[in-house]
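Every heavy atom of this structure was used, including side-chain atoms; hydrogens, water molecules and symmetry mates were not. All chains are named by letter (A, B, ...) in the order of the sequence lines, taking the proteins before the strands, and each is independently numbered beginning at 1.
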Number of protein chains: 2
Amino acid sequence: MIEYSSQPHYLVAVDCIVFGFDGETLKLLLVKRSLEPEINKWSLIGGFVGAEESTDDAAIKVLKKNTGLDGIYLEQFKVYGKPDRDPIERTLSVAYFALIDIKKYSQQLNADYHAEWFPINERPELIFDHNTMVADARKRLRYKAALHPILFELLPKKFTLPQLQTLFEAVNDMKIDTGNFNRKMNSTGLLVKLDEKDKSSSKKGAYYFKLNHKKYRSDFHLVFNLLPNLSLDL
Amino acid sequence: MIEYSSQPHYLVAVDCIVFGFDGETLKLLLVKRSLEPEINKWSLIGGFVGAEESTDDAAIKVLKKNTGLDGIYLEQFKVYGKPDRDPIERTLSVAYFALIDIKKYSQQLNADYHAEWFPINERPELIFDHNTMVADARKRLRYKAALHPILFELLPKKFTLPQLQTLFEAVNDMKIDTGNFNRKMNSTGLLVKLDEKDKSSSKKGAYYFKLNHKKYRSDFHLVFNLLPNLSLDL
DNA sequence: TTATTAATTGTCATGTAGACAATTAATAAT
DNA sequence: ATTATTAATTGTCTACATGACAATTAATAA
C-alpha cells in the first residue's frame, strides 16, 4: 500500500456568505455558533467537510441544513488557509458565497437554527476571520454583478423594475438614473414583462417581470456592462 | 483542551499552473512527478502544505523550488476537493496560476528538477485532474487578461508592441488588428517607450517598451477592455 | 383633482469600437 | 540605390454605448 508518508493532515471546513435581498436592503444570514470555542457568538454558516463529500457537496449540505433550501446559487471564491486562523486546530476554510431569494427562506428554520438576517451594514462582529470573508465576498459580488446578471438570483420569481434598481443600488452603494437603467435592463433580453402589477409601493403600481431563464443561462458567461460608471475594485 | 471531536482530517496540496511566453508561444511548465503513484508521469508543479505555512506560502515555496524565482505573480483560483481525486488518500488541492517572464527562468534548475516548458497546445497528458486544472486556469487567464493588464507579467522588462500583440493573440486564439491594438495599448498609459530597438525580428526594428509600474499598480483593479470583440466564457 | 410612483422617451455630447486602408519609417540584403 | 520587410502611426467611416438630464405619459388611491 502506497502512502504519502508523514505529511500533516488538516481539518477542512466550508463557510458560506449568504446574501439576501428583501426588496429594500441587502442582507446577510448569520448563525449563533453552536460549538466551542466562541460558542454563541455570531458566525457565518459553515461546517466540516465530511469524508465522502466534495467541498461543493459540503457547502450545499450546509446551506440546506440552515435554510432548508436546495438549488441555491453558490460560488466558491476563496480558500482561507493561514495556519492559525482557527485557534483550536488548523482548519482550512473553503469560502462560498450564496445568493438567496429571501422569500423562499422559511421562517421556522430560522428559529430552529438560530439563524438570522442582518442588514449587511448593521451586522455584528463575527468570529475568527469571518469579517474578512464577508468583506471579500462583498467585493466579489460587486465585481461579478457588474459583469454578469447574477443579481437576479436574489430576486423572487416575480419582481419589478424599481426593485431591481434598488438591488443594484444596494449592492453598489450608488444612485442610478432610472431611465438609463430601465433602458439597459430591457435591452438585455433577460426580462419578460408580466400582466400583473405590484401595487404595494405605489398608486400606479409597477409591472412584474420574470427572468427569461433560457436567455439567462445562455448569456450568463458573456461580459455585460450592467453598472453605470463601471469602476471596480477587487 | 477543546477539540473538534472526531472530524476527518485530510492532506492539503497546492498545484501551480505556470504560464510562460517566449515571444511566440504560450507555454506551460511541467515536471516529472517524483513520487508514487504515477511516478515519472508529467504533472503540474505542486506540493503538500506544511504545518507552519499558509497555502499562499506553500505555493510561493513550490514555485521557488521549481524555478528558483521569487516575486512571481500568483493567484489562487480554485480548490479541487472531490473525495477521490487522488487515488491514494484524500487530498485537497488549492490551485494557483502563475505568470512568469520565461527569460528569468534559469535553465539549470530545469535539469535539476526535470521541469520542462511545453507549448500549451502540445502538452502531454497529466496525472489526476491536472488536465482539468489547466483547462480551468486557461479560461481564468483569458477572462482576467481581457479585463486587467495581467499579461504584462509574462513579458520581460523590455518588450515590443509586436510581442505584446502576439501574446494577446496567443492567449485568446485570435488575430488582432495592429492599428487598433497599438492605439488601445498606447492609450492605457501603461507603456513607456524606450530609445532602444529590437532588431532581431525585422529590418526596421521595433522599439522596446517598459511597463509604467506605478500606473500598473494603481490601475490594476480597474476594469479595462483589452480585447476586441470581448466575449468570454468562464 | 391631486399626489405619487412607474415607465418610457427624447436629446445631446462624448466616447469607444472595430473594420479597413494608407502612409511613413527604418534598415538589411541585394 | 533599390527592394523587401516589418514597424508604427494615422485616417476615416460607421455604428453603437454611455450617461446626464429633462420631459412626458400613465395609472390609481386618496
Side-chain angles (χ1 to χ4, degrees), chain A residues 23-24 146-149 155 158-169 172-210 219 222-232, chain B residues 23-24 145-147 149 155 158-169 172-210 219 222-232:
Chain A
E24 297 208 335
L147 304 170
H148 304 278
L155 292 165
K158 297 186 303 185
F159 54 86
T160 65
L161 284 175
Q163 278 168 16
L164 187 59
Q165 184 176 346
T166 304
L167 173 55
F168 270 80
E169 291 181 335
N172 298 290
D173 252 319
M174 66 190 298
K175 272 272 150 224
I176 300 175
D177 177 86
T178 306
N180 292 335
F181 181 80
N182 288 357
R183 244 191 302 243
K184 191 178 272 185
M185 286 303 153
N186 283 320
S187 77
T188 62
L190 291 169
L191 299 183
V192 180
K193 192 177 196 166
L194 304 178
D195 289 330
E196 196 186 348
K197 276 187 168 185
D198 166 29
K199 298 208 182 126
S200 68
S201 66
S202 86
K203 290 162 187 170
K204 179 179 175 184
Y207 278 106
Y208 279 117
F209 288 79
K210 64 174 184 173
D219 289 5
L222 300 183
V223 175
F224 287 77
N225 178 7
L226 298 169
L227 259 200
N229 299 312
L230 184 52
S231 156
L232 296 169
Chain B
E24 296 208 336
L147 303 171
L155 291 165
K158 296 184 305 184
F159 56 86
T160 65
L161 284 175
Q163 278 170 16
L164 188 58
Q165 184 177 347
T166 304
L167 174 54
F168 270 80
E169 291 180 338
N172 298 291
D173 254 317
M174 66 188 301
K175 272 274 150 221
I176 300 176
D177 176 85
T178 306
N180 294 334
F181 182 79
N182 289 356
R183 244 193 301 244
K184 190 179 273 184
M185 287 301 153
N186 283 319
S187 76
T188 61
L190 290 169
L191 300 183
V192 180
K193 192 178 199 168
L194 305 178
D195 289 329
E196 197 187 350
K197 277 185 166 185
D198 166 29
K199 298 207 182 124
S200 69
S201 67
S202 86
K203 290 163 187 170
K204 177 179 176 185
Y207 278 105
Y208 279 117
F209 288 78
K210 64 172 185 176
D219 290 6
L222 301 183
V223 175
F224 287 77
N225 179 4
L226 297 169
L227 260 201
N229 298 312
L230 184 52
S231 156
L232 297 170

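B:T178 meets the side-chain hydrogen bond (donor to acceptor under 3.5 Å, both in side chains) test with B:Q165; sequence neighbours excluded. Residues that satisfy the side-chain hydrogen bond (donor to acceptor under 3.5 Å, both in side chains) test with A:N186, not counting sequence neighbours, are absent from this structure. Every residue was checked against the ring-ring contact (aromatic ring centres under 6.0 Å, His included) condition with B:Y207, not counting sequence neighbours, and none meets it. In this structure, B:D177 has no salt bridge (Lys or Arg N to Asp or Glu O under 4.0 Å) partners at least two apart in sequence or on a different chain. Judged as a side-chain contact (heavy atoms from CB on, under 4.5 Å), and not counting sequence neighbours, the contacts of A:P149 are A:F152, A:L190, A:Y216, A:F220, A:F224, A:L226. With sequence neighbours excluded, the residues forming a side-chain hydrogen bond (donor to acceptor under 3.5 Å, both in side chains) with B:S200 are B:D198, listed by chain and number. A:Q163 is linked by a side-chain hydrogen bond (donor to acceptor under 3.5 Å, both in side chains) to nothing, counting only residues two or more places apart in sequence or in another chain.
Going from atom CG of B:L226 over to atom C1' of C:dG18 covers 15 Å, rounded to whole Å.
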Tabulate protein N/O versus nucleotide N/O from nucleotides 28-30 of chain C, keeping only pairs under 3.5 Å, one per line.
none

Pairwise N/O distances under 3.5 Å, protein to nucleotides 10-14 of chain C:
unit_1, atom_1, unit_2, atom_2, d
C:dG10, N7, A:R183, NH1, 3.3
C:dG10, O6, A:R183, NH2, 2.9

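Although no hydrogens or angles enter the test, the distance criterion places a donor-acceptor pair under 3.5 Å between the side chain of A:H148 and the main chain of A:L222.
Direction change of the helix axis from one end of the helix from C:dT1-D:dA30 to C:dT30-D:dA1 to the other is 10°, with five pairs defining each end axis (rounded to 10°).
Between B:T160 and B:Y208, the closest side-chain pair of non-hydrogen atoms falls below 4.5 Å.
Closest approach of A:S202 and A:A206 over heavy atoms only: OG-N, 4.4 Å. Residues B:K203 and B:K199 come closest through the heavy atom pair O-CD, 4.4 Å.
Mapped onto DNA chain D by nearest heavy atom, A:G205 and B:K204 fall at different nucleotides, with B:K204 at the one closer to the 5' end. Along DNA chain D, the nucleotide nearest A:N225 and the nucleotide nearest B:A206 are compared for position; the residue whose nucleotide lies closer to the 5' end is B:A206.
For DNA chain D, the outermost nucleotides in 5' to 3' order that have an atom under 4.0 Å from a heavy atom of chain A are D:dT18 to D:dA29.
Taken to the nearest 0.5 Å, the CZ atom of B:F168 stands 14.5 Å off from the CG atom of B:D173.
Among the atoms of the strands shown, only primed sugar atoms or phosphate atoms (P, OP1, OP2) are found under 4.0 Å from some heavy atom of B:S201. No contact: A:K175 has no heavy atom under 4.0 Å from any strand.
Within the structure, the salt bridge (Lys or Arg N to Asp or Glu O under 4.0 Å) test picks out the following pairs touching residues 184-197 of chain A (sequence neighbours left out): A:K158-A:E196.
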